[in-house]
Amino acid sequence: MSESNSTPRHHKPKPLAPVDFANFPGGADPARVSEAAHLAAQALVHHGRESTDPEVTRRLVELADQQGLEAVAEMWAESPARSLPGALWRLYALRTSIQQNPERMASFYAAGKDVAQVSKVVAGVAEPLGADEVRTMADTILSGAFEGDFDVALERFAAFCRVVALGQTNHADSSEASDANRATMLTRNARQLVRTAEDLEHSAAAWRRGELD
């Protein structure tokens, strides 16, 4: 489900801090924390999608850079995976992981892309593949969450996860004889990425139905 912007509006994004909603007198009430996490996620997505200012989008994309991934995690990491705050947390965590080690992500992606042809097309990483292309893809997808169709952004990152998971599996197979521990770690990571992909795909379908909150 996409939204139209008939009247351009320009706003300066308000920095989000966990203290704004996660700390309550006498300790955090889980129900209130959950409600606040959902409200914060809804406000951020609405704020980004109602603005036509590219600077607003840039600042939202770089939220984890500005606030720290730990702050974003404190806001949303405990939310259900198949919810708006849970989906946002996965988008930001994936972007941060890519930005921190784009060469490794590009290597995994390259190892999986020829097998996962459909997911490769959906993810939309530019060729020839390299670290810069993977970094650009991550920023483009997260920008699309605020400027384009939110469900498409979720599905593109889900497709990226599926390709990288296949690449990790291929690397695990190659490492099995020489480094069993690395092979086990890569296989575990690949399974987690597939679960992340499934959660993002479910969230995308819920968004199209108007049921992602």
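For clarity, every value in this text was computed on a predicted model and none was experimentally measured. As a basis for the values below, the full set of heavy atoms in this structure was taken, side chains included, without hydrogen atoms, waters or symmetry mates.
In this structure, Y92 and W76 have parallel ring planes: the angle between them is below the 30° cut-off, well short of the 60° mark. Ring geometry, H171 versus F108: the interplanar angle exceeds 60°, so the pair is classed perpendicular (tilted spans 30 to 60°).
Side-chain contact, E50 with H46: a donor N or O sits under 3.5 Å from an acceptor N or O. No side-chain N or O of R82 forms a donor-acceptor pair with one of S203 less than 3.5 Å apart.
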Exercise. Would D139 and E62 satisfy side chain to side chain contact (heavy atoms under 4.5 Å, CB included), going step by step from the backbone distance to the final call?
Worked result: CA-CA 9 Å; D139 283 352; E62 296 176 358; 5.9 Å; no

For this session: Apply side chain to side chain contact (heavy atoms under 4.5 Å, CB included) to the pair N189 and V164, showing each step before the final yes or no.
Result: CA-CA 10 Å; N189 290 348; V164 170; over 6 Å; no

For this session: Show your working on side chain to side chain contact (heavy atoms under 4.5 Å, CB included) between R191 and R188 and close with a plain yes or no.
Result: CA-CA 5 Å; R191 289 172 180 164; R188 183 172 60 247; 5.8 Å; no

For this session: Apply side chain to side chain contact (heavy atoms under 4.5 Å, CB included) to the pair I98 and M137, showing each step before the final yes or no.
Result: CA-CA 10 Å; I98 292 166; M137 177 223 64; 3.9 Å; yes

For this session: Kindly indicate, with the supporting measurements, whether the criterion salt bridge (charged side-chain N to carboxylate O under 4.0 Å, His left out) is fulfilled by R58 and E55.
Result: CA-CA 5 Å; R58 183 190 67 78; E55 179 64 14; 2.4 Å; yes

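In this structure, S175 and A183 approach most closely via the heavy-atom pair C-CB, 4.2 Å. When every heavy atom of A93 is checked against every heavy atom of L69, the shortest pair comes out as CA-CD1, 4.2 Å. Closest non-hydrogen pair, L129 versus A106, comes out as CD2-O, 3.5 Å. Of all heavy-atom pairs spanning P85 and A37, the tightest one is CB-O, 3.9 Å. Between S83 and S79 the shortest heavy-atom distance is OG-CB, 4.0 Å. When every heavy atom of D114 is checked against every heavy atom of Q117, the shortest pair comes out as O-NE2, 3.1 Å.
Between L200 and L94, some side-chain heavy-atom pair lies under the 4.5 Å cut-off. Proximity of M105 to N101: side-chain heavy atoms (C-beta onward) are nowhere separated by under 4.5 Å. Residues Q99 and D65 are not in side-chain contact: their nearest non-hydrogen atoms beyond the backbone lie 4.5 Å or more apart. Taking the side chain as every heavy atom from C-beta outward, H47 and F146 never approach each other to under 4.5 Å. Between H202 and D199 there is no side-chain heavy-atom pair separated by less than 4.5 Å.
Around atom CD of E78, no more than 12 heavy atoms belonging to other residues, nucleotides or ligands sit under 6.0 Å away.
Under the 4.0 Å criterion applied to side-chain N and carboxylate O atoms, E155 and R162 are not assigned as salt-bridge partners.
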